[in-house]
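What follows is a set of notes on a single structure, which appears directly below.
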2 protein chains.
Amino acid sequence: MQFSKSTDYALHALIHLGLSESRNHIGIKELSASLGVSESYLSKIMSKLRQDGIVRAVPGVNGGYELARPADRITFLDVIHVIEGRQQLFECSNSSSRQHRLLAEGRVERQETERWGQGECLVEKVMVGAERHLHQYLREHTIQMVLDEANRIRSAEGIEK
Amino acid sequence: MQFSKSTDYALHALIHLGLSESRNHIGIKELSASLGVSESYLSKIMSKLRQDGIVRAVPGVNGGYELARPADRITFLDVIHVIEGRQQLFECSNSSSRQHRLLAEGRVERQETERWGQGECLVEKVMVGAERHLHQYLREHTIQMVLDEANRIRSAEGIEK
DNA sequence: TTTATTATCGACATTAAAGGTCCGCATTCA
DNA sequence: TGAATGCGGACCTTTAATGTCGATAATAAA
């Protein structure tokens, strides 16, 4: 249970773009050199980000990538959804198992029958709550926050010198 | 990014054991039939749970498994740690990349140098926070809570009839 | 003590997903 | 037009999860 390297690459690439907002476009060469990943692989990831409207891409000479919207409107959850997909954190692998049937038996008229009967599982219920928590946190953290933190660190150095 | 099926099996097996506390030991046959998994695979999972002290196992005639401690002291996090391991949710794959070196440059005397110099990464920092949140939630939810919920549902049926 | 029953453990096979490369194509700009 | 750049599909490699099998050890009952 771990986020993929692709998610790591995507987040770092976006931060690189954010730190380079002054310049126009950043090419895949610069990005891949900065992150230490091959151009070919990183370009796959950038394509996904483009398809989901996180970055814009411009082909041709002097082309490259830029953020498609302000960094404070790109959340960690946005990026993770693009790269990891939207499958849920936990899926009960067998809702028709004996265990579930036993609990579901005779519950034809009860309020909760619909959910249970359609495969809602008490374990899954807990895990869905966990996922909601996690997503809430990731939605509250944006690329801009990381940029701010980076700038704070750098300016603190400047003062010291 | 998803929990493995093994985690699903482990949680359901523990719930089965919890619901069968009156009887002495539950064999792998009954468990695997209840969950719809092969005996051989499930027994691997049960072994892990035993090695980590979540369940006890008794070989021989009429042997089987039982919870090693009260269900309200077995948290979801306990089970996930046993099955999924304790690797962190996110690892920055390249702390010595150009991006990190640029930010770290010249920070020899600053307070935060230790952490940064040893590979702390601003992205990772956010993700570590996310993980803490998730773990907090999973630590607060126990097998007993699921058992209570299951009993609540069953007794509500009983009253209706 | 013998026998049937049950969990344990290591070796292996299969499958699915992540990670990664290559190349031809389309687009842009000088 | 030609060089630079991103796009997308086909393909390969590696890794982890999933799953099976068989030999061994431990236990209780006869």
Side-chain angles (χ1 to χ4, degrees), chain A residues 1-10 12-13 17 23-33 35-68 80 82-87 89-91 93-94, chain B residues 1-10 12-13 17 23-33 35-68 80 82-87 89-91 93-94:
Chain A
M1 233 286 288
Q2 217 185 222
F3 286 107
S4 66
K5 287 191 184 183
S6 295
T7 294
D8 176 303
Y9 298 152
H12 280 98
L17 294 183
R23 293 181 286 150
N24 257 359
H25 295 113
I26 311 296
I28 195 73
K29 271 199 174 60
E30 177 175 335
L31 281 175
S32 71
L35 303 192
V37 199
S38 77
E39 298 178 27
S40 49
Y41 191 45
L42 185 57
S43 71
K44 290 264 150 90
I45 295 167
M46 297 310 292
S47 282
K48 277 195 190 175
L49 292 173
R50 183 188 57 84
Q51 285 165 9
D52 261 67
I54 310 269
V55 302
R56 259 191 300 272
V58 177
V61 181
N62 294 324
Y65 299 93
E66 61 184 357
L67 299 183
I80 288 165
V82 171
I83 305 297
E84 307 273 336
R86 284 164 179 277
Q87 54 182 348
L89 200 59
F90 179 93
E91 277 181 272
S93 63
N94 189 2
Chain B
M1 234 287 289
Q2 218 186 221
F3 287 108
S4 66
K5 287 190 184 183
S6 295
T7 294
D8 176 301
Y9 298 152
H12 280 98
L17 294 183
R23 294 181 286 151
N24 257 359
H25 295 115
I26 310 297
I28 195 70
K29 270 198 175 59
E30 176 174 334
L31 281 175
S32 71
L35 305 192
V37 197
S38 77
E39 295 178 27
S40 47
Y41 192 45
L42 185 57
S43 70
K44 290 260 152 95
I45 295 168
M46 297 310 291
S47 283
K48 278 195 189 176
L49 292 173
R50 183 189 58 82
Q51 286 165 9
D52 260 67
I54 309 270
V55 302
R56 259 190 301 270
V58 178
V61 180
N62 295 324
Y65 301 93
E66 62 185 356
L67 299 182
I80 288 166
V82 171
I83 305 298
E84 307 272 337
R86 285 165 179 274
Q87 54 182 345
L89 198 61
F90 180 92
E91 277 180 274
S93 63
N94 188 3

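Numbers restart at 1 for each chain; the letters A, B, ... are given by sequence-line order, proteins then strands.
Of the possible polar contacts, one joining the B/Ser32 side chain to the B/Ile28 backbone as a donor-acceptor pair under 3.5 Å is found. For the pair A/Asp8 (side chain) and B/Ser93 (backbone), a donor-acceptor distance under 3.5 Å is present.
In this entry the distance linking CD of B/Gln87 with C1' of D/dA16 reads 10 Å, nearest Å. Atom CD1 in B/Ile83 sits roughly 13 Å away from atom C1' in D/dT18 (whole-Å rounding). The CG-P distance, from B/Leu31 to C/dT6, rounds to 12 Å in whole Å. A straight line from CZ of A/Arg50 to P of C/dA26 spans 15 Å, rounded to a whole angstrom. Spacing between atom CD1 of A/Ile45 and atom P of C/dA18 amounts to 12 Å, rounded to whole angstrom units. Put simply, CE on B/Met1 is 13 Å from P on C/dG19, counting in whole angstrom units. Between A/Asn24 atom CG and D/dT5 atom P the separation is 14 Å, expressed in whole Å. Rounded to a whole Å, the CD atom of B/Glu30 is 17 Å from the P atom of C/dT5.
At least one side-chain nitrogen or oxygen of B/Ser6 sits closer than 4.0 Å to the OP1 or OP2 atom of D/dT18. In terms of phosphate contacts, A/Ser4 brings no side-chain nitrogen or oxygen within less than 4.0 Å of OP1 or OP2 of C/dA17.
Interatomic distance, CZ of A/Phe3 versus CD1 of A/Ile83, reported as 12.0 Å (0.5 Å rounding). Remark: A/Ser4 OG to A/Glu84 CD distance equals 4.0 Å, nearest 0.5 Å. The CD atom of B/Glu30 sits 10.0 Å away from the CG atom of B/Leu35 when rounded to the nearest 0.5 Å.
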Under 3.5 Å donor-acceptor pairs involving side-chain atoms of residues 38-45 of chain A, not counting sequence neighbours:
| unit_1 | atom_1 | unit_2 | atom_2 | d |
| --- | --- | --- | --- | --- |
| A/Ser38 | OG | A/Ser40 | OG | 3.4 |
| A/Ser38 | OG | A/Tyr41 | N | 3.1 |
| A/Tyr41 | OH | A/Ser6 | OG | 3.0 |
| A/Ser43 | OG | A/Glu39 | O | 3.4 |
| A/Ser43 | OG | A/Ser40 | O | 2.8 |

Anything under 3.5 Å between a donor and an acceptor, one on a side chain of residues 58-68 of chain A, the other on a protein residue two or more places apart or in another chain? List them.
| unit_1 | atom_1 | unit_2 | atom_2 | d |
| --- | --- | --- | --- | --- |
| A/Glu66 | OE2 | A/Arg56 | NE | 3.1 |

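Looking at heavy-atom distances under 4.0 Å, A/Gln51 makes contact with sugar-phosphate atoms alone, never a base.
Side-chain atoms of A/Ile28 lie closest to D/dG6 of the nucleotides D/dG6, D/dC7, D/dT18. Among D/dT18, D/dC7, C/dC9, the nucleotide with an atom closest to any side-chain atom of A/Ser47 is D/dC7.
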**Request:** Could you encode protein contacts along nucleotides 19-30 of chain D as a string, one character per nucleotide from 5' to 3', using B for base contact, S for sugar-phosphate-only contact and - for no contact, with a heavy-atom cut-off of under 4.0 Å?
**Result:** BB-----BBB--

